[in-house]
Each structure stands twice: as C-alpha cells, then as structure tokens.
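Single-structure report; data block below.
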There are 2 protein chains.
Amino acid sequence: MESICFHFTSYISILRKGEVDIVTKTNNRVNILKAAAGIVREQGILALTLEAAASKAGVSKGGLLHYFPSKEKLIQGLVEHLNDSYVHNIRESVKNDQIKTGRWTRSFIQETNEQLINNQELNAGMLAALAVNPELLRPFQDAYQEWQKSMEEDGLNKVNATILRLAADGLWLSELFGLAPLEDDERQNVLEKLIKLSKEDFG
Amino acid sequence: MESICFHFTSYISILRKGEVDIVTKTNNRVNILKAAAGIVREQGILALTLEAAASKAGVSKGGLLHYFPSKEKLIQGLVEHLNDSYVHNIRESVKNDQIKTGRWTRSFIQETNEQLINNQELNAGMLAALAVNPELLRPFQDAYQEWQKSMEEDGLNKVNATILRLAADGLWLSELFGLAPLEDDERQNVLEKLIKLSKEDFG
DNA sequence: CATAACATACCGTCCAGACGGTTTTTTTGT
DNA sequence: ACAAAAAAACCGTCTGGACGGTATGTTATG
C-alpha cells in the first residue's frame, strides 16, 4: 500500500507517464534523496547532515548509510537522479516538437523553465555538489555540452542559439539567487519571445 | 585618516591590474575578505573555516574575530564588499556611455562579464552567502532590482532588455557551474551581439 | 540461510566561538 | 611637547557540541 504510493512519486520524477517502473525496491532510496534536496532548499547546504537527511526521510542514520556509504555518495546520487530526469525530459520534448528548426533550443528553454517552476530540487543538487565536490557536477556538465552542440546544429545562427540558451540559464540564475526574479506574467512574456526567436533568425 | 585607508584599499579591488598599489600597509580587514573568498573559490564552502581564513590572511583567529565577530558577519562583510565594487563599476560604466539608448543594459552586460573574467570572487561570495544564510544576499538582490528597473526604462523594448540581461546572467551561471562555458572567441561573439542588440530593437 | 534492509551505539575529529591576554596606535591632559 | 590613559588591533588556547563514519547488531525476505 505504502510502497505503491512511494513508487508512484518516484516514478514521476524519473519517468514521464507511460513507462513502467521496474525497480520497486528503491522507494526509501528516493525518499532519502528527496529529503536531502529538501533540506538544502529550505535550510541551506550547511544544514545538510546525514542525520538530518535520514531523519527527514524517516530512516535511521544507519539506514541512510546503507544506501549511500558516504556523504559524497549521497550528493552524487542526488545529482545523478536529477540529471537523469532533466536529460530524459528534454529528449522527450525534442521528440514531440514538430518544427525542425530550433527544436533543441526550444526544448531546452522550455524544460529549463519547467524545472525552475516545478522542481527546485535541481538547485539544491547543484549547490550541494558544488559545495562537497565540484567533480560531482560532471554528469550535468556532460549533458550540457551535448545540448550546446545540438543547439548549435539546430538550424539557427550559432550565436543566436547560444544567446537564447544563455537567457534560459539566466532565468535559472535569477531564481537561484533571487536576483530580480521575473514576475509570472513577465516571465511568460520573455518565454514566449524566446520561443518565437527560436523559430526565426534575429538581429 | 582611517576612512582614507579604507577608501584606498577598497579601490584596489575595484581598479584592475596595472595600477600602483600606494597603500603598502594593506588593510587586514580586506586581506581577510580576500582570503576567505580565495578559500571558497579554490576549495569550496565547506573548507571555509575561521582558522583557515585567518591563517591565509596572515592573522590569528583572534585577529579575525576582532574584525568579524562571527562567521556570518564574515560572509556578510564579503558580500557587502563585493557588492560595493559591482555597483560602483556599473555606475561608472553608465556614466561613460555616450549612447543613451540601452546604456544600463549595456553596462550591466559588460560589467557582469568583466566580473566573471577578472573577479571570480563574486561567485565565492554568492555561494558562501547562500550556504550560510540566504538573507545575506539582500544587498545584491536590492542592487539587481534597481538595475532591472533601470534597464526596463532604458529606451529599449522591455522584454528585449530583459532577455539581454538574462543572457548576461546565463553567462555567469555557465561559468559558476561549468555548464558548457563558452570558449573565449565564442563568448566574444556573443558579447558583441548582445551589445549590438542593446542599441536597436529586435525580434 | 543468505543477503538486503535497516537500527543502535559509539568514536575521533573538527570547528565556532569564548576568553583572557599583549602590543600598537590614538587621544587627552598639562 | 610629552607622558598617561584609553582604545583599537591583534594573539593563542580551551571547550563543548556537532558531525562523518565505523562497528555491531536485529529483522525481514526470497
């Protein structure tokens, strides 16, 4: 009963609808990751201790250490978990985009925005990784490198595509640090313009 | 007398290399801030201890605590120091820009890029603040709010100006996390285009 | 009965901050 | 002009608690 519930929530974060989740045993593992991300989001990186994460996930410290034998492994697990979801969603979005020109750029913009709104855990993962060991960011960096390449070969002027990509990243930064984050309607306007610009050439 | 000293040392961090360091007896307060930023940059936030910062700055722990009575005050000092410089430089840049249209946007883009290249201490300060207490980011957030307002009243289309601003921020994010950071020449191209776009309307 | 999935107890280290100094600079009284 | 007083700058140790990680359990499951 409970396992079904947890199963469902973990399934949402990794897979989009339609997939079958074969791994049913990982619910506590995912619970721990979510707890860790939550702590970072709500109280900052320095508040992320093994005990705190375990307690919030409803397991003992020993239980946590069973899945993640060190703090670094915990963060690594978090990063990989989030990265999988990010990568997967963008790929899906590209697949569903009918227009060929700028589809990678468009998908990137949309999914980045999506993550900001519905999944601030991404911030938590990035910050935790940066704090503990920047090497842990590698999966993200690799994924980005790929995306950047795809966007440059997307049928748009290279510089233009890069500017659009950076604008989406800027949206992220502004949320991350609370640096003049956009109002909802203003962000909507910006988003629409970015999407529009991803279909034509400008400047 | 003392105020002059502070004035000068704060200038050291504002002026770029090539200037003469008149103040031979450098202010220890500023030394400590630089040391703290350096540690965060090189070894991450978790390596920032009072002892480490003191030692790197060449003072004792007691000496550090004389200037900054707590770790939080230390980070606060760091943030304020960096923010002062940032604000000052943008204001100067605006003053020196002959073209009226988009001068705030242009200055923002250029100075943000400048900070990224020559003063990665900014990253250190932001991350440290976020780690210790997000409230410490307030000065930056306030400054950004002001800039955003200025950019929106800069003679450009509001959405366009915001996109340019976000692109500059994206440049920052990409460096911060190493997410497909641009090659030097590519960044130059992007920068030039952003500057160009800040003089006309596009899209 | 073997292994995964936890829990409990405990250890060693690290670090923030307190505290009680000493030295140097500045101010003040004369 | 100068000593005395005050204040600012700086030093080094100590401690109590937090935290990462280990070691050793116990329970469920297949």
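Since the structure is predicted, the reported quantities are computational estimates derived from the model, not experimental observations. A, B, ... follow the sequence lines: proteins, then strands. Residue 1 opens every chain.
- In terms of the side chain to side chain donor-acceptor pair (under 3.5 Å) criterion, residue partners of B:K95 (sequence neighbours excluded) are, by chain and number, B:E92.
- Side-chain polar atoms of B:Q145 and B:Q141 form no donor-acceptor pair below 3.5 angstrom.
- Taking atom CZ of A:F68 as the reference point, atom C1' of C:dA5 lies 14 Å away to the nearest angstrom.
- Residues forming a salt bridge (Lys or Arg N to Asp or Glu O under 4.0 Å) with A:D154 (at least two apart in sequence, or on another chain): none.
- The stretch residues 127-139 of chain A has no heavy atom under 4.0 Å from DNA chain D, so no residue of it qualifies as close.
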Provide a list of protein-nucleic acid N or O atom pairs under 3.5 angstrom, restricted to nucleotides 24-26 of chain D.
none

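- Shown for residues 41-53 of chain A: no residue has heavy atoms falling under 4.0 angstrom of DNA chain C.
- Using modelled atom types, one finds no donor on one side chain facing an acceptor on the other under 3.5 Å when comparing B:E114 with B:Q110.
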Considering only distance and modelled atom types, tabulate donor-acceptor pairs under 3.5 Å from the side chains of residues 72-80 of chain A, sequence neighbours left out.
residue : atom : partner : partner atom : Å
A:E72   : OE2  : A:N133  : ND2          : 3.0
A:Q76   : NE2  : A:E80   : OE2          : 3.2

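- Straight-line distance from the CG atom of A:N31 to the C1' atom of C:dC6: 14 Å, rounded to whole Å.
- With rounding to the nearest 0.5 angstrom, the NZ atom of B:K193 is 13.0 Å from the CD1 atom of B:I195.
- The nearest heavy atom of DNA chain D to B:L64 and to A:K71 marks one nucleotide each, and the one closer to the 5' end goes with B:L64.
- Side-chain atoms of A:S60 lie closest to C:dA7 of the nucleotides C:dA7, D:dG21, D:dA9.
- Side-chain contact annotation: B:K158 with A:N189, donor-acceptor N/O pair under 3.5 Å absent.
- Bending across the helix from C:dC1-D:dG30 to C:dT30-D:dA1, expressed as the angle between its end axes from five pairs apiece, amounts to 20° (10° rounding).
- Side-chain atoms of B:W172 and B:N113 include no donor-acceptor pair closer than 3.5 Å.
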Distances for protein N/O vs nucleotides 21-24 of chain C N/O pairs under 3.5 angstrom?
none

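- In this structure, A:K149 forms no cation-pi arrangement with A:Y144, as its terminal cationic atom is not both closer than 6.0 Å to the ring centre and no more than 45° off the ring axis.
- Distance OG/B:S150 to CZ/B:R91: 10.5 Å, rounded to 0.5 Å.
- None of B:R106, B:R103, B:K199 except one satisfies the salt bridge (Lys or Arg N to Asp or Glu O under 4.0 Å) rule with B:D97; the exception is B:R106.
- Within the structure, no pair that satisfies the salt bridge (charged side-chain N to carboxylate O under 4.0 Å, His left out) test touches residues 132-147 of chain B, not counting sequence neighbours.
- Between the CZ atom in B:R165 and the OG atom in B:S198 there is a gap of 15.5 Å [rounded to 0.5 Å].
- Across all strands shown, A:L65 has heavy atoms under 4.0 Å from base atoms, whether or not it also approaches the sugar-phosphate.
- The side chain of B:K61 has C:dA16 as its nearest neighbour among C:dA7, C:dA16, D:dA8.
- Rounded to an integer number of Å, the gap from CZ of B:R29 to P of D:dA8 is 15 Å.
- One finds no side-chain N or O of A:Y67 lying less than 4.0 angstrom from the OP1 or OP2 phosphate oxygen of C:dA4.
- The listed nucleotides are D:dG21, C:dA4, C:dG17; the one nearest the side chain of B:S70 is C:dG17.
- Put simply, NZ on B:K73 is 16 Å from C1' on C:dA16, counting in whole angstrom units.
- For residues 43-61 of chain B, every residue pair satisfying the side-chain hydrogen bond (donor to acceptor under 3.5 Å, both in side chains) rule, not counting sequence neighbours, is listed here: B:E42-B:K56.
- Residue pairs meeting the side-chain hydrogen bond (donor to acceptor under 3.5 Å, both in side chains) criterion with at least one member in residues 178-187 of chain B, sequence neighbours excluded, are B:E175-B:R187, B:D184-B:R187.
- Nearest to the side-chain atoms of A:N28 among the listed nucleotides D:dC11, C:dC6, C:dG17 stands C:dC6.
- When the ring-ring contact (aromatic ring centres under 6.0 Å, His included) test is applied to A:Y86, the partners found at least two apart in sequence or on another chain are A:W147.
- Interatomic distance, B:L156 CG to B:W104 CH2, rounded to the nearest 0.5 Å: 14.0 Å.
- At C:dC6, none of the side-chain N or O atoms of A:H66 fall inside 4.0 Å of OP1 or OP2 (strictly under the cut-off).
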